[in-house]
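Heads up, the thing below is written out as structure tokens.
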Amino acid sequence: MLPIVTRPKLYLHIGHGKVASSTIQAALQANIDAIRSQGFLVADDQLRFPVSGPVLANSVPYFTKMRRLGDEGLSDFGDRMGALEAHRASGRYHSAIISAENLTAPGLESIGPLRLHGFDLQVLYYVRRPDDWLLSAWKQWGFKQGLGIAQFFEESISNGHPPFLKVADRWHSASGSIRVRPLHPDALEDGDIVRDVFHAIGCEPEATDLPRINPSFDLSLLEVMAQSPFLFDDPNDNRLFNYLQQVLPEEFPQERLALGR
């Protein structure tokens, strides 16, 4: 009787941006020792899978470069998956995790059938209510480009953002399966995104109480800042926010999350 060959599991968290991806990556980093002790490896920013030391658990830079290099990038991706299989063959690790929100970009779903046929691929995709996503995206990026909230909403909706259904359909067609999870306390394990991710991959975290990622400020203040986009070098420039968090008193109304408040 031939032995049963079990393919190594590869958990692919594909994003989406503004759907707790930074929080998920921070949780993977904070729990890296516990993750490894349970037989998992986590990809870093260059899609390496270090077996010791800290890990920057955000592979966005690698996939940005891979996409730019075309066929050469796909070949390099295959080489890195081969290195991961060598880790698994050592017997110390049975699963791996990659997290990169730019995997939602059109075309990157092709890495599944092209390079991951040797793995038991598990695609994990979090989505949120479109109106919540639009508000969060404007507070993170839109106002820094000089866009008022109404203009940002109109342009995003016109461009089909957020494209949750399209992304899910592409990855389902490419991989054969995808686990779509709504970012809502009623749907998450214990109402918590970190616990939900670790439950999905079958791993027990040690650190779950993490500082909030990408905090934002009151809508009225952001509308004022939208009139002065020169305050920011680019949509990811948070230096002004970091300064305000240091100098403003605690009673300052830092954030009102809902529209109409």
Are any side-chain N or O atoms of [X] and backbone N or O atoms of [Y], one a donor and one an acceptor, separated by less than 3.5 Å?
X	Y	value
Ser75	Asp71	no
Asp190	Asp192	no
Lys144	Gln140	yes
Ser110	Gly107	yes
Asp45	Leu56	no
Ser136	Trp133	no
Glu85	Met81	no
His161	Pro163	no

Answer yes if the side chains of [X] and [Y] hold a donor-acceptor pair under 3.5 Å, and no otherwise.
X	Y	value
Gln151	Glu155	yes
Tyr62	Asp76	yes
Tyr125	His16	yes
Ser99	Asn58	no

Applying side chain to side chain contact (heavy atoms under 4.5 Å, CB included) to Phe119 and Leu12, what does each step give before you reach the verdict?
CA-CA 11 Å; Phe119 294 87; Leu12 204 60; over 6 Å; no
Are any non-hydrogen side-chain atoms of Asn31 and Glu204 less than 4.5 angstrom apart?
no
Is the ring centre of Phe143 less than 6.0 Å from the ring centre of Phe152?
no
Would a line drawn from the ring center of His94 to the ring center of Phe40 be shorter than 6.0 Å?
yes
Give a yes or no on whether Asn159 atom CG has more than 12 heavy-atom contacts from other residues, nucleotides or ligands under 6.0 Å away.
yes
Hey, is NE2 on His87 packed in by over 12 heavy atoms from elsewhere, all under 6.0 Å?
yes
Where does the angle between the aromatic ring planes of Phe63 and Phe77 fall among parallel (under 30°), tilted (30 to 60°) and perpendicular (over 60°)?
tilted
Taking it one step at a time, do Leu124 and Arg181 satisfy side chain to side chain contact (heavy atoms under 4.5 Å, CB included)?
CA-CA 8 Å; Leu124 186 60; Arg181 300 284 291 161; 4.1 Å; yes
For Arg170, is there an ion pair with Glu109 - N to carboxylate O distance below 4.0 angstrom?
yes
With rounding to the nearest 0.5 Å, note down the distance linking CZ in Arg36 to OG in Ser52.
6.0 Å
Could you tell me the separation between the CD atom of Gln38 and the CZ atom of Phe198, rounded to the nearest 0.5 Å?
8.5 Å
Step by step, would you call Leu103 with Trp171 a side chain to side chain contact (heavy atoms under 4.5 Å, CB included)?
CA-CA 10 Å; Leu103 284 171; Trp171 272 95; 4.2 Å; yes
Yes or no on side chain to side chain contact (heavy atoms under 4.5 Å, CB included) for Leu84 and Arg80, after CA distance, side-chain angles and deciding distance?
CA-CA 6 Å; Leu84 173 60; Arg80 290 172 193 264; over 6 Å; no
